There are 2 protein chains.
Amino acid sequence: MNIQLKINMNDKLFIRDPEQSELGKKIILHSIQLIHKNGFEAFTFKKLALDIGTTEAGIYRYFENKHRLLIYLTAWYWSWLEYQVTFQTNNIKDPAVKLKQVIKLLATTVEDDNSTLYVNESILHQIIITEGTKAYLTKRVSEDNKDHLFKPYKDLCALIGNMILECNPDYTYPKSLASTIIEMAHFQNFFMNNLPSLTDFGQDKNEAEIVKFLEDLVFSSIK
Amino acid sequence: MNIQLKINMNDKLFIRDPEQSELGKKIILHSIQLIHKNGFEAFTFKKLALDIGTTEAGIYRYFENKHRLLIYLTAWYWSWLEYQVTFQTNNIKDPAVKLKQVIKLLATTVEDDNSTLYVNESILHQIIITEGTKAYLTKRVSEDNKDHLFKPYKDLCALIGNMILECNPDYTYPKSLASTIIEMAHFQNFFMNNLPSLTDFGQDKNEAEIVKFLEDLVFSSIK
DNA sequence: TCTTGGATGATAGTAACACTATCTTTGCAA
DNA sequence: TTGCAAAGATAGTGTTACTATCATCCAAGA
């Protein structure tokens with residue numbers, strides 16, 4: 001089976017759709033590599049252009065600025081992850097089993113998905129851990145939200161929130177618990193690898209421990 | 001009673017101690033105002049100098065760059081908060097009551113503390129919500145951690161972790177739960193005010209709801 | 001076959017940002 | 001009174017974050 005996955009992106013995220021051209025795809029591919037390598041702060045369109053072999057102006061024809069590109073990458077990731085969640089929980093009847101599967105998907109290193117050609121999901125996952133929150137932790141968040149730039153994130157959160165309600169329809173905080181496990185899946189991972197004393201996983205640095213912590217957190221809460 | 005609170009800062013955080021001079025104190029005072037007003041990305045030493053009525057070079061004599069200044073402000077805040085936590089939970093015997101008090105301190109708007117003259121804790125709290133994680137979500141995190149720049153944050157986390165253990169010595173994830181409630185006290189607040197559909201507090205935007213959510217989360221987990 | 005328009009390349013330019021350097025002035029302290 | 005450190009004043013450099021313009025190239029349509 002050779003299926004290709006096409007994620008529809010909100011067209012306010014870009015000036016010209018990067019999926020519609022070779023240069024556009026290169027921008028996505030190389031920006032993921034560069035941001036991963038040097039971090040978002042050190043990432044510039046000049047360096048990206050040099051890396052690709054095009055010019056700065058060329059990049060600006062696709063994205064307004066690097067912050068928009070970051071929002072694009074995060075939006076792409078959340079959309080892809082929502083698809084993964086839907087796919088991987090399909091046909092699971094027991095809502096608790098379903099929720100465990102989701103936690104695993106959130107907190108475990110993703111394998112590179114070959115049905116998307118110019119995105120390395122594994123590296124993108126690393127970027128989301130370190131840079132993901134910077135997409136919305138800005139003064140522009142409300143404006144950007146009005147343009148629906150964070151819809152994929154909110155959709156995933158709503159999906160998980162509903163799964164929580166499936167487990168316990170009386171639980172009072174499904175959405176907050178959903179956003180908590182999404183963010184903590186990433187933060188605990190970052191802490192484990194960089195500031196281990198903030199976690200209980202410092203010894204073996206094992207993602208499975210994060211999964212166990214989150215499962216304990218969630219299932220204790222919804223009981 | 002007129003007591004003044006002096007927080008001892010790691011001297012790797014600055015080039016010249018801002019608490020030792022008028023100009024230094026102005027830098028702290030005005031940087032808090034400017035970052036709060038325009039956000040950390042738009043904040044520059046040029047603008048800060050103009051705001052204070054000094055020159056760019058003057059600021060650079062105190063702080064290496066704006067990122068170091070941000071780490072300074074966050075470190076100050078966490079130290080101050082640890083003091084508040086210690087003070088406000090003093091003489092409370094029941095560990096559960098203690099922990100509830102801590103959650104309230106974390107998730108509730110702080111009043112400006114008049115025992116610190118040139119820091120407005122209330123505004124600083126807002127900054128920490130939006131910009132706090134940017135202090136450590138960088139490529140430099142390990143180096144900065146080696147210089148103990150995040151010690152106040154880690155100390156607070158350890159303190160709360162120990163309170164959790166006081167409630168239940170058998171709980172497996174005290175440190176991760178501590179870092180979770182610290183971060184979530186802020187994230188849920190940010191979401192409530194900016195991306196409300198990620199929370200269950202969209203209607204009345206009441207911080208007391210966040211407190212209830214966190215209490216439920218914590219006490220369900222440690223049972 | 002010609003042409004036309006859209007994508008790209010090449011080049012240039014500007015304002016702001018992130019510093020560094022140097023020299024002068026000020027104020028207080030030995 | 002001299003001396004020294006903090007602060008002010010000014011200048012300069014390389015980089016970042018764009019914007020503008022003009023040339024080229026290529027594929028689709030007339």
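Keep in mind that what you see is a predicted model, and the values were worked out from it rather than measured. Just the heavy atoms: all of them, side chains too, but no hydrogens, waters or symmetry mates, feed the values below. Convention: sequence-line order gives letters A, B, ...; per-chain numbering from 1.
When rounded to the nearest whole Å, the span between CG of N65(A) and P of dA16(C) equals 17 Å. The distance from atom CD of E64(B) to atom P of dC19(C) is 8 Å, rounded to the nearest whole Å. Atom C1' of nucleotide dT19(D) and atom CD1 of I15(A) are separated by 12 Å, given to the nearest angstrom. The interatomic distance linking I27(A) (CD1) with dA7(C) (C1') rounds to 12 Å, in whole Å. Protein atom CD of E22(B) is 17 Å distant from nucleotide atom C1' of dG8(D), rounded to whole Å. Look at CD1 on I52(A): it is 11 Å from P on dT8(C), rounded to the nearest Å. Straight-line distance from the NZ atom of K46(B) to the C1' atom of dG12(D): 12 Å, rounded to whole Å. Straight-line distance from the CG atom of L48(B) to the P atom of dG8(D): 12 Å, rounded to whole Å.
Two residues, L23(B) and T55(B), neighbour DNA chain D, and the one matched to the more 5' nucleotide by heavy-atom proximity is L23(B). With the nearest nucleotide of DNA chain C identified for both F45(B) and R61(A), R61(A) has the one nearer the 5' end. Each of A57(B) and K66(B) has a nearest nucleotide on DNA chain C; the 5'-most of these lies closest to K66(B). Along DNA chain D, the nucleotide nearest to E41(A) and the one nearest to R16(B) differ in position, and the one closer to the 5' end is contacted by R16(B).
Of the possible polar contacts, none joining the D204(A) side chain to the N206(A) backbone as a donor-acceptor pair under 3.5 Å is found. With hydrogens and angles ignored, the 3.5 Å screen pairs no side-chain donor or acceptor of D147(B) with any backbone N or O of L149(B).
Using a 4.0 Å heavy-atom cutoff across all strands shown, F63(B) reaches no nucleic acid atom at all. Heavy atoms of K26(B) sit nowhere under 4.0 angstrom from any nucleic acid atom.
Between K47(B) and the phosphate of dC17(C), there is a side-chain N or O to OP1/OP2 separation shorter than 4.0 Å. The phosphate of dT8(C) has OP1 or OP2 within less than 4.0 Å of a side-chain N or O from Y62(A).
Taking the ring axis of Y62(A) as reference, the NZ or CZ atom of R16(A) stays within 45° of it and closer than 6.0 Å to the ring centre.
Taking the side chain of Y60(A) as heavy atoms from C-beta on, and the options dC17(C), dT8(C), dC18(D), the nearest nucleotide is dC18(D). The nucleotide whose nearest atom lies closest to any side-chain atom of T54(B) is, among dC18(D), dG8(D), dA6(D), dG8(D). The side chain of E56(A) approaches dC18(D) more closely than any other nucleotide in the set dT8(C), dC19(C), dC18(D).
Q188(A) and S176(B) share a donor-acceptor pair across their side chains, judged by distance under 3.5 Å alone.
When every heavy atom of L137(A) is checked against every heavy atom of T130(B), the shortest pair comes out as CB-O, 3.6 Å.
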